[in-house]
Amino acid sequence: MKITLDTTFNGTLGQVTLSQAVRELREHDLACTVPAEAVDRKVTVFAHCVERGFTPLRSEIMAAYYVAERDATTEAFDRGLITRGELESRQAQLTSLLLS
């Protein structure tokens with residue numbers, strides 16, 4: 001399934017398209033201020049979750065969890081707190097968790 005601006009999901013007031021949801025956020029001055037590469041990573045994870053049948057909210061939670069855990073593991077490696085083997089092991093576990 002490819003996510004487009006016409007993709008519908010259950011919003012707080014019923015069915016809404018992605019385009020409508022973004023428009024509502026902009027109207028309430030809640031536009032995204034996250035770096036583009038972070039959004040790209042989340043979109044990829046979100047799309048995989050939706051393809052597997054998760055609800056948009058669960059998909060968003062899983063995407064946020066994945067990005068946060070991955071970034072924390074990478075930071076721990078960069079700071080010398082874990083070895084490359086531990087980094088690779090944790091990344092594999094995280095991927096497995098997401099895909100199972």
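Using modelled atom types, one side-chain atom of Thr73 and one backbone atom of Glu69 make a donor-acceptor pair closer than 3.5 Å. Under the 3.5 Å distance criterion, the side-chain polar atoms of Glu88 are left unmatched by any main-chain donor or acceptor of Gly85.
Rounding to the nearest 0.5 Å gives a distance of 12.5 Å between CG of Leu87 and CD of Glu75.
Within the 4.5 Å cutoff, the side chain of Gln91 has heavy atoms near those of the Thr74 side chain.
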